[in-house]
Amino acid sequence: DLPSPPGPLSDTSAKLVNVPSHPYIAPGPNDIRGPCPGLNTLANHGYIPRHGIVTPGQIVEAVQEGFNMGNDFARFLAYAAHLVDGNLLTNLISIGGKTPETGPDPPAPAIVGGLNTHRVFEGDASHTRVDTFLGDNHSFNETLFQKLVSFSNKFGNGFYNFAVAKEFRFQLIQDSIAANSQFLFTLPRYFSAYSESCFPIFFWIDGRNPTGNLELDVARSFFETARFPNGFFRANTPTTLKRILGGIDVLYNAHPVGPGANNGTVNSYAVDPTSPTFADFCGIYAGFVTHIVRPLYPDAQGPLLDALNKNLDFLYSATVIGNMGCTQVPHFT
Ligand code: HEM
Ligand code: MG
């Protein structure tokens, strides 16, 4: 039987997390890493298994312990990822590319491709990874990072902060509109892209530092090397669903862009009115279940259907813990 998701930390204060029992070890040739610098860091420090094949529960536990992600948000991301990128039969997910190490796949159209899989979670207009249509969607890209550096110099006095994030999030969208004919910026990417622009501020500023300013060498350490700085303290405030939605609002209000896509040519961005907006978090939850998860499992049966519905319960539990007031999408049959 599937284990229930871990509960919240009992002590959410800042603390040293780059400890001797979790040393940085660069990934070996058989260790999998992917598009998420947060999870890559947790793997490089052994907060999740270093080979990069994990359970969603291990992800929840580690993002709470290492970065003080709130229990609601941790569940939401971990089970969302597992539902689209993981193996529901073995309860394993790769934090990078597809691998037989997650066990025998359920039947197509299930993908079980790990976090590198484009569209279902990973998406366009990332900060330090290029759009799938244009190249490698999971490896650190120095040219993109230099753009973040120049925005931080221009808008943040040499730091990454909300003043920078407001401008950089908008610029990344403009850049993808202009360069990527296949640019796709609807659910779930619309939500994840805006969230991730806040992550460096909420998760990577040392928990003893109240300025809201992230030093660029610390940003590089996480984005590129996926390594905690020496002496790093995790944040002193859990980042819950409501907290991230507050951060998203700040970015969105600076330059409102609706969810949408290019239509196969560059510079053709059109808003898709069927894709939920940030004002409708329950629509994001329900749309993800109905339009992203369901098509991967059109006729699951037996143990697969069971695992699917259990993981959908775990996803929904995130919205309950976060007091989001959502109605659960009915179980699949
Ligand atoms: C990006 C998964 C937690 C930091 C991503 C991406 C995935 C992902 C699939 C790629 C999206 C894209 O850019 O196209 C997850 C899951 C998590 C999680 C399943 C489970 C809780 C975290 C945490 C942090 C973090 C705790 C920070 C400590 C980031 C950042 C990006 C990102 C900054 C954007 C990278 C970029 O745009 O270059 N994550 N993540 N993530 N993640 Fe995570
Ligand atoms: Mg991406």
Side-chain angles (χ1 to χ4, degrees), residues 5-6 17 33-43 45 47-48 54-86 93-97 113-142 144-145 147-148 160 165 168-169 172-173 176 180 183-185 188-205 207 214 218-224 226-228 232 234-235 238-239 241 244 247 315 318:
V17 288
R33 298 292 180 266
C36 177
L39 296 180
N40 291 348
T41 300
L42 293 168
H45 285 270
Y47 279 99
I48 51 177
V54 305
T55 69
Q58 286 172 328
I59 293 178
V60 171
E61 195 91 46
V63 297
Q64 293 182 167
E65 180 64 20
F67 288 116
N68 211 353
M69 189 178 266
N71 187 241
D72 57 347
F73 193 24
R75 287 183 184 216
F76 191 73
L77 291 186
Y79 289 95
H82 187 54
L83 280 158
V84 294
D85 288 335
I93 177 170
S94 156
I95 67 167
L115 292 184
N116 288 359
T117 310
H118 184 56
R119 275 186 99 106
V120 291
F121 193 137
E122 189 287 322
D124 295 329
S126 300
H127 304 74
T128 62
R129 275 69 173 162
V130 305
D131 288 3
T132 301
F133 184 69
L134 304 174
D136 176 340
N137 73 350
H138 53 274
S139 303
F140 176 81
N141 180 290
E142 181 66 33
L144 279 175
F145 187 74
K147 214 183 281 188
L148 183 147
Y160 184 87
F168 197 47
R169 172 38 58 215
L172 291 168
I173 295 167
S176 284
N180 178 0
F183 178 47
L184 183 62
F185 204 60
R189 182 56 187 154
Y190 186 60
F191 175 75
S192 70
Y194 276 87
S195 313
E196 285 154 18
S197 294
C198 304
F199 283 11
I201 302 164
F202 288 153
F203 296 122
W204 293 346
I205 297 175
L214 177 67
V218 174
R220 181 187 283 283
S221 179
F222 283 113
F223 271 121
E224 181 179 21
R227 178 174 190 163
F228 285 124
F232 183 77
R234 74 178 181 204
T239 292
L241 283 170
I244 200 69
L315 180 72

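No experiment lies behind these values; they were computed from the predicted model shown. Whatever order the structure lists them in is the order used to number ligands and atoms, beginning at 1. Computation of the quantities below employed the complete heavy-atom set of this structure, encompassing side-chain atoms and omitting hydrogens, waters and symmetry-equivalent molecules.
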Yes or no on salt bridge (Lys or Arg N to Asp or Glu O under 4.0 Å) for Arg189 and Glu196, after CA distance, side-chain angles and deciding distance?
CA-CA 10 Å; Arg189 182 56 187 154; Glu196 285 154 18; 2.9 Å; yes

Which protein heavy atom lies closest to atom 7 (C) of ligand 1, and at what distance to 0.1 Å?
Phe121 CE2, 3.8 Å

Per-atom contacts of ligand 1 with Ala81, taking only distances under 4.0 Å to non-hydrogen atoms:
19 (C)

At what distance is the nearest protein heavy atom to atom 40 (N) of ligand 1, and which residue and atom is it?
Cys36 SG, 3.1 Å

Looking only at non-hydrogen atoms, the one of Phe203, Tyr79, Phe199 nearest atom 25 (C) of ligand 1 is Phe199

May I ask you to check whether Phe222 and Phe140 place their ring centers less than 6.0 Å from one another?
no

With distance as the sole test, does Arg75 use its side chain to make a donor-acceptor pair with the main-chain N or O of Val60 at under 3.5 Å?
no

Listing by chain and number, which protein N, O or S atoms are under 2.8 Å from the Mg ion (ligand 2)?
Glu122 OE2, Gly123 O, Ser126 OG

May I ask whether Arg189 has any heavy atom positioned less than 4.0 angstrom from an atom of ligand 1?
yes

Distance-only, no hydrogens or angles: does the Asp131 side chain make a donor-acceptor pair with backbone N or O of Asp124 under 3.5 Å?
no

In the protein, what heavy atom is nearest to atom 36 (C) of ligand 1, and what distance, to one decimal place, separates them?
His127 N, 3.4 Å

Identify the protein heavy atom lying closest to atom 13 (O) of ligand 1, giving its residue, its atom name and the separation to 0.1 Å.
Ser126 OG, 2.6 Å

Check whether any heavy atom of Ser192 sits under 4.0 Å from an atom of ligand 1.
no

Looking only at protein heavy atoms, identify the closest one to atom 3 (C) of ligand 1 and say how far it is in Å.
Met69 CE, 3.9 Å

Tell me the nearest of Pro37, Pro200, Pro188 to atom 31 (C) of ligand 1, using heavy-atom distances.
Pro37

So do Phe202 and Met69 actually touch side chain to side chain, heavy atoms under 4.5 Å?
no

Side-chain donor or acceptor of Asn68 paired with backbone N/O of Ala235 under 3.5 Å
yes

Pick out which of Phe67, Phe203, Trp204 makes a ring pair (Phe, Tyr, Trp, His ring centres under 6.0 Å) with Phe228.
Phe67

Side chain to side chain contact (heavy atoms under 4.5 Å, CB included) assessment of Ile95 paired with Arg33
CA-CA 6 Å; Ile95 67 167; Arg33 298 292 180 266; 4.2 Å; yes

Arg220 CZ: over 12 foreign heavy atoms closer than 6.0 Å
yes

Return yes if some donor-acceptor pair links the side-chain N/O of Tyr79 with the main-chain N/O of Ala318 below 3.5 Å, else return no.
no

Residue pair Gln64 / Asn71, side-chain donor-acceptor N/O under 3.5 Å
yes

Under 3.5 Å between any N/O of Thr128 and any N/O of ligand 1: does that happen in this structure?
yes

Whether Trp204 lies under 4.0 Å from ligand 1, heavy atom
yes

Atom indices of ligand 1, in the order listed, that fall short of 4.0 Å to a heavy atom of Ile59:
20 (C), 21 (C)

What about the rings of Phe199 and Phe73, do their centers lie closer together than 6.0 Å?
yes

Side chain, backbone, both or neither: Val60 near ligand 1, heavy atoms under 4.0 Å
neither

Checking heavy-atom distances from atom 11 (C) of ligand 1 to each of Glu196, Gln64, Arg234, the winner is Glu196

Pull out every atom of ligand 1 sitting under 4.0 Å from any heavy atom of Glu122, numbered as shown with elements.
11 (C), 14 (O)

Okay, side chain of Ser94, backbone of Gly96: is any donor-acceptor separation there less than 3.5 Å?
yes

